[in-house]
Amino acid sequence: MSTDPRPRAYPIRPLPDDDARFTFGLIRDVAEVLAAHGFPPVTSGLDHVDLQQALFRFLYSDRPGGAS
């Protein structure tokens, strides 16, 4: 159990209708950071979609499986 006194910043609440920060450029930047840390490069369109969905769940969803 964590004893960190700071409140969680994620998921972002309330869930925005449209968040202009959540762009393909953000997904590309995250993919580049992963590759820079030695992970395989994200080259497949399906890998980009999966990365986008995983990042969306982290940023906006507080339930396992991605439900808001």
Show the atom names and distances, to 0.1 Å, of all donor-acceptor pairs under 3.5 Å that link a side chain in residues 18-29 to residues at least two apart or in another chain.
residue : atom : partner : partner atom : Å
Asp19   : OD1  : Arg21   : N            : 3.1
Asp19   : OD1  : Arg21   : NE           : 2.9
Asp19   : OD2  : Arg21   : NE           : 3.4
Asp19   : OD2  : Arg21   : NH2          : 2.7
Asp19   : OD2  : Tyr60   : OH           : 2.7
Thr23   : OG1  : Gly25   : N            : 3.3
Thr23   : OG1  : Leu26   : N            : 3.2

For Ser44, all residues meeting side chain to side chain contact (heavy atoms under 4.5 Å, CB included), sequence neighbours excluded: Leu46, Asp47
ILVMFWY cluster, Leu34 and Val49 together (side-chain gap under 4.5 Å): no
Partners passing salt bridge (Lys or Arg N to Asp or Glu O under 4.0 Å) against Arg8 (at least two apart in sequence or in another chain): none
Side chain proximity check, Gln53 to Arg57, heavy atoms < 4.5 angstrom: yes
Minimum heavy-atom distance Ala35-Pro41, with the two atoms named: CB-CA, 4.2 Å
Contacts of Tyr10 that satisfy ring pair (Phe, Tyr, Trp, His ring centres under 6.0 Å) - sequence neighbours left out: Phe58
